[in-house]
Student: 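Here's a structure for you.
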Amino acid sequence: MSANPKPHDPVYAHAREVLPGGTFGNTGAELIIREGQGSHVWDEDGNEYIDYLIGSGPMFVGHNHPEVTAAAQAQLAHGTTFFANNRLGVELAQAIIDAMACAEKVRFVSTGSEADAFAMRLARAYTRRDKILKFEGGYHGFSDYGLMSLAPKKVGNTVEPIPDSAGIPANVKENMVIAPYNDAAAVESLLREHKGEIAAVFMEPFQRIIPPQPGFLEKVREIATANDTLLIFDEVVTGFRFAYGGAQEYYGVTPDVCTLGKVIGGGFPLAAIAGRDEVMAMFDKDRAGDRFLPQIGTLSGNPVASAAGLATLEVLKRPGTYEKIFAMGKTLMAGLSERLERHGIEAQVIGVPPLFDLVFTTGEIRNYRDTLRGDTAKMARLNALLKERGILKGDSKYYVSLTLSDADIKKTLDAWNDALAVMAKE
Ligand SMILES: Cc1ncc(COP(=O)(O)O)c(C=O)c1O
């Protein structure tokens with residue numbers, strides 16, 4: 001592996017001509033992946049990496065998993081999209097209902113952003129209320145509402161709706177209420193202040209890499225119920241990852257509705273809204289009356305994506321899968337903590353074994369504002385040093401995948417040691 005990847009000519013140069021900023025928007029223009037196999041990916045220069053990015057989450061069972069590939073290929077030969085219902089999509093809906101405690105009915109879309117946008121509209125239709133409470137720092141896709149206070153650069157004394165993008169109409173904030181994560185008292189007081197106006201508390205049960213404090217989700221569940229407000233878990237990341245039954249199984253708190261994406265499409269574009277029958281009935285014109293929520297998508301329930309998703313869930317369902325993921329993640333988290341200590345670096349590892357990272361700061365991390373204490377320059381430096389050592393990850397997440405080998409884990413621990421030793425001297 002070369003220490004300094006070349007600029008991937010000619011794909012890099014071509015991308016700069018045809019894409020704004022030379023990128024799809026997801027990563028820097030310099031990262032161009034050519035191939036993925038199991039727990040490894042290769043870039044256009046032929047550099048090999050152990051992959052902790054895993055396509056930003058979907059490739060939980062590894063790239064080109066033989067069973068997932070075979071299932072997708074089998075469907076390819078029979079047609080790739082029909083718009084109409086298809087057997088595989090119906091079977092995937094059943095698998096989601098069997099897995100997720102909140103799921104009695106399922107509606108498919110193609111991306112997590114779409115799922116979240118429809119789930120917000122669903123809550124508004126069902127409750128006939130306009131406002132959504134979300135948490136500062138919580139990510140719910142790229143709709144106007146989802147992008148309120150995802151990552152506000154300048155935070156004032158109070159937590160308030162701030163758009164995270166140009167182009168969002170000013171009045172969107174009138175219908176968003178923002179709370180600090182892990183603060184049930186704030187949620188309670190906001191629901192009191194906006195009595196009868198809030199359709200849903202919309203949240204990542206595990207926000208980015210911040211775990212819920214003991215009792216927080218239970219308390220939010222209780223407060224939402226007491227206010228006739230829906231509780232919606234965005235499980236686009238956590239679904240089928242923290243447990244087969246998602247974060248709702250892992251933390252033992254059942255929302256009214258959840259959104260799913262990433263893992264359920266097996267590497268193809270597929271996402272879903274799943275929830276209580278009475279709420280999901282708003283998608284059914286025969287039951288919803290004037291609360292009907294029309295919902296159509298060209299590729300919704302796509303049969304190739306459904307085949308890949310079903311095959312992925314089959315792999316995940318096998319005994320020992322989550323034990324293996326958690327054991328590997330624990331080894332990695334403990335190994336990273338140990339190496340930080342060894343090199344006297346002020347940082348802490350946070351998250352859960354399937355999904356974690358470090359934050360370059362000491363002191364408790366309970367919410368978005370606490371993460372702002374983290375030294376982002378150091379984070380970028382470490383990520384770059386790791387990339388040079390064959391470890392690929394996103395800016396602020398290590399996703400553990402099922403196909404990581406003992407050798408991958410050893411190489412990761414060595415790369416951390418090496419990179420942190422360099423940083424300790426800087
Ligand atoms: C919690 C959460 N919700 C929603 C989304 C949006 O999903 P997509 O990128 O499929 O639109 C993401 C994407 O990373 C996510 O992490």
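As the structure lists them, so they are numbered: ligands from 1, and atoms in each ligand from 1. All values below were derived from every heavy atom in this structure, side-chain atoms included, with hydrogens, water molecules and symmetry-related copies excluded. Since the structure is predicted, the reported quantities are computational estimates derived from the model, not experimental observations.
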Student: Does His140 reach ligand 1 with a nitrogen or oxygen that is under 3.5 Å from one of the ligand's nitrogen or oxygen atoms?
Tutor: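 No; every N/O pair is 3.5 Å or more apart.
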Student: Does Lys262 have a heavy atom less than 4.0 Å from any atom of ligand 1?
Tutor: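 Judged by the 4.0 Å heavy-atom criterion, Lys262 does count as contacting ligand 1.
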Student: To the nearest 0.1 Å, how far is atom 3 (N) of ligand 1 from its closest protein heavy atom, and which atom is that?
Tutor: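 So the nearest neighbour among protein heavy atoms is Asp234 OD2, 2.7 Å.
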Student: One residue to check: Met203. Relative to ligand 1, which of side chain, backbone, both or neither has a non-hydrogen atom less than 4.0 Å away?
Tutor: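 Contact part for Met203 vs ligand 1: neither.
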Student: Geometry only, no angles: is Gly112 polar-contacting ligand 1 at N/O separations under 3.5 Å?
Tutor: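 Yes, there is a polar N/O contact under 3.5 Å.
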Student: Heavy atoms only, cut-off 4.0 Å: how does Val236 contact ligand 1, side chain, backbone, both, or neither?
Tutor: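 The answer is the side chain of Val236.
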Student: If the threshold is 4.0 Å, N to carboxylate O, is there a salt bridge linking Asp357 and Arg208?
Tutor: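 Answer for the salt bridge query: no.
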Student: What do you reckon, does Arg208 put a non-hydrogen atom under 4.0 Å from ligand 1?
Tutor: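 Checking ligand 1 against Arg208, which is what was asked, there is a heavy-atom contact under 4.0 Å.
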Student: Are there more than 12 heavy atoms of other residues, nucleotides or ligands under 6.0 Å from atom CD of Glu346?
Tutor: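 It does not: Glu346 CD has 12 such atoms or fewer within range.
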Student: Is it true that Glu48 and Lys411 make a salt bridge, defined as a side-chain N closer than 4.0 Å to a carboxylate O?
Tutor: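 No.
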Student: Please confirm whether the ring centroid of Phe60 lies under 6.0 Å from the ring centroid of Phe240.
Tutor: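 Centroid distance Phe60-Phe240: not below 6.0 Å, so no.
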Student: In terms of residue, atom name and distance, what is the protein heavy atom nearest to atom 11 (O) of ligand 1?
Tutor: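 Checked against all protein heavy atoms, atom 11 (O) of ligand 1 sits closest to Ser113 N, 2.7 Å.
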Student: For residues Tyr251 and Phe206, establish whether the separation of their ring centroids is below 6.0 Å.
Tutor: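 No, they do not, as the ring centres are separated by 6.0 Å or more.
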Student: Report the nearest protein non-hydrogen atom to atom 4 (C) of ligand 1: residue, atom name, distance rounded to 0.1 Å.
Tutor: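 Nearest neighbour among protein heavy atoms for atom 4 (C) of ligand 1, to 0.1 Å: Asp116 OD2, 3.2 Å.
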Student: Whether Arg291 and Asp284 form a salt bridge (side-chain N of Lys/Arg under 4.0 Å from carboxylate O of Asp/Glu) is what I want to check.
Tutor: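 No, this pair does not count.
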Student: Quick test: of every protein heavy atom, which one is nearest to atom 12 (C) of ligand 1, and how far off is it to 0.1 Å?
Tutor: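 Closest protein heavy atom to atom 12 (C) of ligand 1: Tyr139 CE2, 3.4 Å.
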Student: Is any side-chain heavy atom of Ile210 closer than 4.5 Å to a side-chain heavy atom of Arg366?
Tutor: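 No - every pair of side-chain heavy atoms lies 4.5 Å or more apart.
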Student: Using a 4.0 Å heavy-atom cut-off, which part of Thr259 comes near ligand 1: side chain, backbone, both, or neither?
Tutor: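 It is neither; nothing of Thr259 touches ligand 1.
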Student: Give the numbers and elements of all ligand 1 atoms closer than 4.0 Å to a heavy atom of Glu204.
Tutor: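 Taking each heavy atom of Glu204 in turn, ligand 1 has 1 (C) under 4.0 Å.
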Student: Establish, yes or no, whether the cationic atom of Lys393 lies under 6.0 Å from the six-membered ring centre of Tyr52 and within 45° of the ring axis.
Tutor: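 No, cation not above the ring by the 6.0 Å, 45° rule.
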Student: Between Arg221 and Glu218, is there a salt bridge with N-O shorter than 4.0 Å?
Tutor: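 The answer is no: the pair does not qualify as a salt bridge.
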Student: Considering only protein heavy atoms, determine whether one is less than 4.0 Å from atom 7 (O) of ligand 1.
Tutor: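 At least one protein heavy atom is under 4.0 Å away.
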Student: Return a yes/no value for Ser56: is any of its N or O atoms, backbone included, closer than 3.5 angstrom to an N or O of ligand 1?
Tutor: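 No: no nitrogen or oxygen of Ser56 is under 3.5 Å from one in ligand 1.
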